[in-house]
Every structure is written in structure tokens, then in C-alpha cells.
Amino acid sequence: MPTLHHKAHTTVGCQASVASKYMETPEIVDLDWENLGFGLVNTDFMYMAKCGPDGNFSKGEILPFGPIALSPSAGVLNYGQGLFEGLKAYRKTDGSVLLFRPEENAVRMKNGSDRMCMPAPTVEQFVDAVKQTVLANKRWVPPTGKGSLYIRPLLIGSGAILGLAPAPEYTFLIYVSPVGNYFKEGLAPINLIIEDNFHRAAPGGTGGVKTIGNYASVLKAQRTAKEKGYSDVLYLDAVHNKYLEEVSSCNIFVVKGNAICTPAIEGTILPGITRKSIIEVAESKGYKVEERHVSVDELLDADEVFCTGTAVVVSPVGSITYKGKRVKYDGNQGVGVVSQQLYTSLTSLQMGHAEDPMGWTVQLN
């Protein structure tokens, strides 16, 4: 069982065993790829690096995937001092694997770590660790068009501490899981309800960084919405209670004519990497993209609405319910023209089906 007390001298031997096991295993595991959902599938290996009071992370090592040991007084358990990231790897038709903008996740983790008083791995170490973890688990990358390998980097305060203060030790972990669609609808319209009692974030808080605590706060409203048949919840700002923020784990876009609007990044909204990519793709196709405050009234009067995120990529919204009133958005079986166009453009690039003029993909052998 791997613990947080592995020594660096075991790295060479462990990596050798990783390479040996990989050579002995089939190229792709035998899974029911046609019915792959968005849930955890235990894979073979994970990555771990540690950082002490000097602020420098160890070289890191590939270990068998499994439980880790933590002190009951670890900073992450007592005070929520932790961040996570999410990105994906895709298998091309030639069998090679592509990563999508991993350096953006590294930069976002560094920015979040500053807010949370944590050291962070360098961009180079982050990207290298992602590459190592994916290659060690390459047989779990789904066949082309059957899903993706979801990559979950974690940065946690693993050191023991009793009083409220930054932890004395940190652990950088990465594990992976093959996944299908986040929403069971796939590229089909989802139905959202606007939440005006609970708020996801407030000015001056941590809504703009990917800290673990941001997500626990949405669970109650999300569970209530799903019990009523909705796919997810759309949150409003905590000050005026009328401007759009984001969905539980997605950014939101509103389309009117040739204009696409999305809430501005001002500290309460997560700066999504898919969001950033969709803005650039949309602008390259001639759309006018505005990042600003977007009111509920604009949303309800939109031609089309869609969400973006690493897990969902692009998810068209079929309806919005607000204060008991439901507004539907028409499209080809509920999928708007803009949603379809941007989804196709981005996923074709991510999967290596189209040229990458942006230089966003990183190919692994």
C-alpha cells in the first residue's frame, strides 16, 4: 500500500517496474467502452511528490494506484487546504495520445496555491508529472471516439497541524480514470434551474480558484435540483442576485445573434481552460465574444445557451427554469447551431482529427 512516506531512492526501481508491467499488458484494457460513464475506474498507477518547509518539491515517483496515509491532523482534512485540477488525454486513430493544454492547468494551480498559502510544483514539473502518469496508464486511454482519460492532479496540505495555519508539508498527487460523458445526456440538451437562495461564491472569497472547498458548497442545491429532474444548478452573484455566475462545475455562455456573452472573471468565477479555449475558437470563427456581467433577463431572452468545462467540453442547454418559469431554447433536437459548431471544432482538435493551429495539443508516444 503506498503511503505518504515513500523515499525518493525507490523511484528508479518503481519506474522500472512500471515500464516492465506496461510492456506485459495489452495496449488497451478490455472495458465496455460503449457504456462508459463519468465515474471512477481504478487504473494501474499514480504519481506522488512531496514538499517540505523549504518549498521545493521532490522529484516525484510513479506508484501503484491505491490508498494513501494521512495524519488525522493533516491540513487538508482539518482546514480544507487543498486544490485540484482536471484535464484529459485522448487517443488518436494511430494509437498515440494527446494532452490538451496541460500548461494552463499548471499555471492555474500555481495561481490557486498562492491564494491558499501553498507551494506549487513548477509548470515544468506539473506537465512532466502528467505525462508520466498518462504514459504509465496508457492502456486505460479509451479508443478513439469512445471517451477520454480524465487526469486529476491534487495539491494537498498533508502535514500535521492543530492550530489554524498553513500545513508544514504538501503532497502533489495525480491519478487518472477513463471516462465517458459527464452528463448522461451527452451532446444533448441539459435542463438547468437557477438557484437564488444558495450562492457558490462571494467577492473576496475563493470562487476564482479551484480549491476543494468550493465544490462541497454546491452539493445541497445540486442534489435538490436533480431530485426535481434538473441536470444541474446555475448560480447567481451573491451581491445583486441577478447576474450569472456559473453552473456547479461549468462556465456558462449566452448567445444572441452573432454575439456570445459569458460572465467576466472577477474573482468569483473559475477561469475555465475550456472556457478560455472556446472563446478563442469562437473569435476565430467570427463571433463577437463579450466577457462581462450577464443578467438573468439576457439569459432568458437568449437564442442559445451552453456550458463549458473539462468534463463536459460543451454542453447545450435545452431549458432554464427561474422562479417557476421555464424557458426553452430551440435547436436541432435541442442542440443549438453555435453549440454544435464549437463542440465539433474543439473536440476535433482535442482528439487529433483536425489540424491544431493554436498549438494547444501535446502528443505523447
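The structure presented is a predicted model; accordingly, all values stated were derived computationally and were not measured.
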What verdict does the side chain to side chain contact (heavy atoms under 4.5 Å, CB included) test give for Trp360 and Val281, after you've listed the backbone C-alpha separation in whole Å, the side-chain angles of each residue and the deciding distance to 0.1 Å? CA-CA 12 Å; Trp360 287 344; Val281 170; 3.8 Å; yes

Contact summary for Lys146 and Leu36, nearest pair of heavy atoms: O-CD2, 4.1 Å

Could you give the distance from CZ (Arg91) to CG (Asp94), rounded to the nearest 0.5 Å? 10.0 Å

Donor-acceptor contact below 3.5 Å, side chain Asp303 vs main chain Gly257: yes

Under a single-linkage definition using a 4.5 Å side-chain heavy-atom cutoff for Ile, Leu, Val, Met, Phe, Trp and Tyr, are Phe57 and Ile151 assigned to the same hydrophobic cluster? yes

Would you say the side-chain atoms of Glu280 and Ser284 include a donor-acceptor pair closer than 3.5 Å? no

Counting distance only, does the side-chain N/O of Arg200 pair as donor-acceptor with the main-chain N or O of Thr268 below 3.5 Å? yes

Is a salt bridge present between Glu61 and Lys59, judged by a nitrogen-to-oxygen distance below 4.0 Å? no

Side chains of Thr133 and Ile62: closer than 4.5 Å at any heavy-atom pair? yes

So how far is it from Asp232 CG to Ser315 OG, rounded to the nearest 0.5 Å? 9.5 Å

Listing request: all ring-ring contact (aromatic ring centres under 6.0 Å, His included) pairs with a residue in residues 75-98, at least two apart in sequence or in separate chains. Phe84-Tyr215

For Glu298, run the salt bridge (charged side-chain N to carboxylate O under 4.0 Å, His left out) check against Lys242, Lys256, Arg292 and tell me which one passes. Arg292

Shared ILVMFWY cluster between Ile174 and Val362, side chains joined below 4.5 angstrom? yes

The reported gap from CH2 in Trp140 to CD1 in Ile28 (rounded to nearest 0.5 angstrom) is 12.0 Å

With side chain to side chain donor-acceptor pair (under 3.5 Å) as the test, would you mind laying out the steps for Gln341 and Ser345 before giving the verdict? CA-CA 6 Å; Gln341 182 185 25; Ser345 296; 5.6 Å; no

Could you walk me through whether Phe100 and Leu349 satisfy the side chain to side chain contact (heavy atoms under 4.5 Å, CB included) test, starting with their C-alpha distance in whole Å, then the side-chain angles of each, then the deciding distance to 0.1 Å, before giving a yes or no? CA-CA 9 Å; Phe100 184 72; Leu349 189 153; 3.7 Å; yes

Val312 versus Cys307, closest heavy-atom pair with distance: CG2-O, 4.3 Å

Please report the interatomic distance CD1(Ile68) to CG(Leu154), rounded to the nearest 0.5 Å. 8.0 Å

So Tyr243 and His293, would you call those rings parallel, tilted or perpendicular, with 30° and 60° as cut-offs? tilted

Hey, could you give me the OH/CE distance between Tyr170 and Met116, rounded to the nearest 0.5 Å? 9.5 Å

Kindly give the heavy-atom pair with the smallest separation between Ser248 and Val218, and that separation in Å. CB-CG2, 4.0 Å

Looking at Phe45, is its backbone amide N or carbonyl O close enough to the side chain of Asn137 to form a donor-acceptor pair, meaning the two atoms are under 3.5 Å apart? yes

Scan Val327, Ile194, Asp297 and name whichever one has a side chain to side chain contact (heavy atoms under 4.5 Å, CB included) with Tyr322. Ile194

Leu155 to Ser113 - nearest heavy-atom pair and separation: CD2-CB, 4.1 Å

From CA spacing to verdict: side chain to side chain donor-acceptor pair (under 3.5 Å), Asn214, Thr206: CA-CA 7 Å; Asn214 289 347; Thr206 59; 2.9 Å; yes

Do the side chains of Val247 and Val296 join up, straight or via other hydrophobic residues, at under 4.5 Å, putting them in one cluster? yes

Start with the C-alpha gap between Glu85 and Arg108, add the side-chain angles, then the distance that decides, and say whether salt bridge (Lys or Arg N to Asp or Glu O under 4.0 Å) holds. CA-CA 8 Å; Glu85 280 294 327; Arg108 188 168 65 180; 2.7 Å; yes

Just by distance, do the side chain of Asn251 and the backbone of Leu270 share a donor-acceptor pair under 3.5 Å? yes

Side chain to side chain contact (heavy atoms under 4.5 Å, CB included) assessment of Asp44 paired with Arg139: CA-CA 9 Å; Asp44 296 323; Arg139 72 193 191 107; 2.7 Å; yes

For Lys50, is there any backbone N or O sitting under 3.5 Å from a side-chain donor or acceptor partner on Glu169? no

Identify the two heavy atoms, one from Gly163 and one from Ile161, that lie closest to each other, and give their separation to 0.1 Å. O-CG1, 3.3 Å

Measure the shortest side-chain to side-chain distance between Phe253 and Ile279 over non-hydrogen atoms and say whether it is less than 4.5 angstrom. yes

Derivation of the side chain to side chain contact (heavy atoms under 4.5 Å, CB included) call for Glu304 and Tyr329: CA-CA 6 Å; Glu304 189 177 336; Tyr329 302 97; 5.7 Å; no

Is Met118 linked to Phe172 within one hydrophobic cluster, defined over Ile, Leu, Val, Met, Phe, Trp and Tyr using a side-chain heavy-atom separation of less than 4.5 Å? yes

Are Ile212 and Met48 linked, directly or through intermediate hydrophobic residues, by side-chain heavy-atom contacts shorter than 4.5 Å (ILVMFWY only)? yes

Heavy atoms of Gly159 and Ala167 approach each other most closely as O-CB, 3.9 Å

Is the backbone N or O of Ala202 less than 3.5 Å from a side-chain atom of Glu245, with the two atoms forming a donor-acceptor pair by type? no

Residue pair Asn191 / Thr321, side-chain donor-acceptor N/O under 3.5 Å: no

Ignoring hydrogens and angles, tell me if any N or O in the side chain of Ser158 forms a donor-acceptor pair with the backbone of Leu70 under 3.5 Å. no

Donor-acceptor pair, Ser148 side chain versus Ala89 backbone, under 3.5 Å? no

What verdict does the salt bridge (Lys or Arg N to Asp or Glu O under 4.0 Å) test give for Arg275 and Glu291, after you've listed the backbone C-alpha separation in whole Å, the side-chain angles of each residue and the deciding distance to 0.1 Å? CA-CA 11 Å; Arg275 172 191 183 276; Glu291 297 180 70; 2.7 Å; yes

Are more than 12 heavy atoms, taken from residues, nucleotides or ligands other than Leu219, located less than 6.0 Å from that residue's CG atom? yes

Taking the side chain from Lys92 and the backbone from Thr144, do they hold a donor-acceptor pair closer than 3.5 Å? no

If we ignore hydrogens and angles and just use 3.5 Å, is the side chain of Gln132 paired with the main-chain N or O of Tyr47 as donor and acceptor? no

Could you label the plane-to-plane angle of the Tyr175 and Phe65 rings as parallel, tilted or perpendicular, counting under 30° as parallel and over 60° as perpendicular? tilted

Working to the nearest 0.5 angstrom, can you tell me the gap between Glu355 CD and Thr361 OG1? 9.5 Å

